[in-house]
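Presented below is the structure to which this report refers.
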Amino acid sequence: MQTITVIPGDGTGPELTSAALEVLEASGADLKWEIMHAGQTAFEKGMGVLPEETLNSIRRNKVALKGPITTPVGTGFRSINVALRKELDLYVNLRPARTYQGVLSRYDNIDLVVVRENTEDLYAGIEHMVGEDAAESIKIITRKGSERIVRFAFEYARRENRKKVTAVHKANIMKCTDGLFLEVARAVAKEYPDIEFEDRIVDNMCMQLVSKPHLYDVMVMPNLYGDIISDLCAGLVGGLGVAPGANIGENAAIFEPVHGSAPKYAGQNKVNPTAILLSVVLMLKYLGQNEIAVKIEKALAEVIAERKDVTYDLGGEATTSQMTGAVIRKIKSGS
Ligand code: NAD
């Protein structure tokens with residue numbers, strides 16, 4: 001049986017991860033878990049923000065489910081999420097965005113996937129002041145980094161029966177960096193003749209997504225564009241409460257909601273478990289437990305569509321545990 005690492009996280013993270021574990025247990029997934037800590041919770045336990053034993057647990061189990069972590073504002077605290085991505089070389093940030101009936105959104109039937117490169121680009125954070133009145137940041141794009149992310153996008157498209165991959169860039173202006181990304185994307189695309197390929201300049205992509213989102217399917221892009229476009233896509237389908245994510249590398253993968261720890265609601269049993277449950281669905285698909293993944297997603301979609309047992313942000317009055325309980329009842333009744 002597969003063991004996964006579970007990091008409850010901070011703020012509302014623990015209540016959300018325990019909702020996810022209840023659903024996993026009810027679903028019959030072939031999984032056991034090991035609870036490990038990171039973030040403020042770990043810091044308060046005197047373990048440091050990213051304990052070595054947590055990293056070792058993820059290295060050993062290769063798959064983790066993570067609640068959001070609070071990154072205290074101020075100097076001296078690096079982002080634990082960025083540190084995890086770097087330590088484990090999680091070069092893919094996978095963010096699906098699809099509409100669910102019952103969630104208020106601008107369009108119906110949107111089903112998009114953003115594949116964001118997670119280690120390079122301006123996001124590498126290599127920057128410095130030049131004197132007092134100017135600053136410089138270095139944008140890094142490599143052939144290896146571009147090739148592995150574009151290949152992931154095509155493999156994902158093939159596995160998920162998707163029809164098209166769109167590479168997003170600004171190669172008309174950044175001819176070296178984004179030019180290299182585009183050149184590599186075109187070369188990799190030739191190896192996947194069964195999947196349509198096209199490219200879009202990032203500004204045009206934003207406009208197209210807002211006005212004609214149904215034209216797109218899987219989109220692959222460097223880190224910074226991915227950061228922005230994935231939030232745009234989350235907004236298109238109803239916001240952060242319903243946005244799941246995954247960070248994936250060759251040797252490990254971490255599944256987590258896109259939203260943060262919402263500390264003002266911590267301990268109130270109030271927040272929406274949808275994003276973490278959809279992250280569980282992604283995780284189960286990654287582990288090849290497709291049937292269970294589909295069962296959970298279907299149960300969740302039904303609860304959302306009925307609009308009865310949903311949390312405040314979806315227009316309901318249910319608590320986190322009431323909404324979770326409704327999903328579990330659907331799973332058990334097999335409806
Ligand atoms: P946030 O996502 O925690 O909250 C933004 C807004 O969304 C808030 O109004 C909150 O109430 C609401 N919200 C968030 N999750 C919700 C849910 N599941 N259901 C209903 N409403 C929800 O963003 P923030 O306030 O900018 O950040 C809080 C902390 O989280 C910060 O310390 C930040 O660094 C951290 N953070 C962590 C992660 C992560 O661990 N992956 C991601 C983003 C932010």
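Computed from a predicted model, the values in this text were never measured in an experiment. Below, all heavy atoms of this structure are taken into account, side chains as well, without hydrogens, waters or symmetry copies.
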Any donor-acceptor pair under 3.5 Å from [X] side chain to [Y] backbone:
{"X": "Q40", "Y": "D10", "answer": "no"}
{"X": "S279", "Y": "A275", "answer": "yes"}
{"X": "E256", "Y": "P244", "answer": "no"}
{"X": "R95", "Y": "S230", "answer": "no"}
{"X": "T320", "Y": "V271", "answer": "yes"}
{"X": "T99", "Y": "N109", "answer": "yes"}
{"X": "N247", "Y": "N93", "answer": "no"}
{"X": "N269", "Y": "S321", "answer": "yes"}
{"X": "T54", "Y": "A38", "answer": "no"}
{"X": "D121", "Y": "Y123", "answer": "no"}

Show your working on side-chain hydrogen bond (donor to acceptor under 3.5 Å, both in side chains) between E117 and Y91 and close with a plain yes or no. CA-CA 6 Å; E117 203 289 326; Y91 65 90; over 6 Å; no
Test item: [X] and [Y] side chains (from C-beta on) under 4.5 Å apart, heavy atoms:
{"X": "L16", "Y": "H259", "value": "yes"}
{"X": "D89", "Y": "N251", "value": "no"}
{"X": "K170", "Y": "D203", "value": "yes"}
{"X": "I69", "Y": "S261", "value": "no"}
{"X": "F154", "Y": "V150", "value": "yes"}
{"X": "L287", "Y": "L31", "value": "yes"}
{"X": "R200", "Y": "H169", "value": "no"}
{"X": "L277", "Y": "E297", "value": "no"}

Y286 and Y156 aromatic centres sub-6.0 Å: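 Centroid distance Y286-Y156: not below 6.0 Å, so no.
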Any salt bridge linking [X] with [Y]? Criterion: basic side-chain nitrogen under 4.0 Å from a carboxylate oxygen.
{"X": "E302", "Y": "R329", "result": "no"}
{"X": "E250", "Y": "R148", "result": "no"}
{"X": "E198", "Y": "R186", "result": "no"}
{"X": "R162", "Y": "D217", "result": "yes"}
{"X": "E147", "Y": "R143", "result": "no"}
{"X": "E155", "Y": "R151", "result": "no"}
{"X": "K139", "Y": "E127", "result": "no"}

Would you sort out whether N272 and M323 count as a side chain to side chain contact (heavy atoms under 4.5 Å, CB included), showing the intermediate values? CA-CA 8 Å; N272 187 352; M323 185 165 171; 3.7 Å; yes
Audit row: E52, R59, salt bridge (Lys or Arg N to Asp or Glu O under 4.0 Å) steps and yes/no: CA-CA 10 Å; E52 196 54 34; R59 287 191 186 108; 3.3 Å; yes
If I take atom [atom1] from residue [X] and atom [atom2] from residue [Y], how far apart are they, to the nearest 0.5 angstrom?
{"X": "E15", "Y": "T12", "atom1": "CD", "atom2": "OG1", "result": "5.5 Å"}
{"X": "R307", "Y": "L104", "atom1": "CZ", "atom2": "CG", "result": "7.5 Å"}
{"X": "D108", "Y": "Q101", "atom1": "CG", "atom2": "CD", "result": "8.5 Å"}
{"X": "E34", "Y": "K32", "atom1": "CD", "atom2": "NZ", "result": "9.0 Å"}
{"X": "Y216", "Y": "D111", "atom1": "OH", "atom2": "CG", "result": "15.5 Å"}
{"X": "L112", "Y": "L209", "atom1": "CG", "atom2": "CG", "result": "6.0 Å"}

Does atom [atom1] of [X] have more than 12 heavy-atom neighbours from other groups under 6.0 Å away?
{"X": "R106", "atom1": "CZ", "value": "no"}
{"X": "E317", "atom1": "CD", "value": "no"}
{"X": "L215", "atom1": "CG", "value": "yes"}

Could you state whether V114 and I228 fall into the same hydrophobic cluster, counting links through intermediate Ile, Leu, Val, Met, Phe, Trp or Tyr residues with side-chain heavy atoms under 4.5 angstrom apart? no
Cluster check V113, V165: I/L/V/M/F/W/Y, side chain < 4.5 angstrom: yes
May I ask you to check if K66 and F255 form a cation-pi contact, with NZ or CZ under 6.0 angstrom from the six-membered ring centre and within 45° of the axis? no
Under 6.0 Å from the ring centre and within 45 degrees of the ring axis: does the NZ or CZ of K164 meet both conditions for the six-membered ring of F197? no
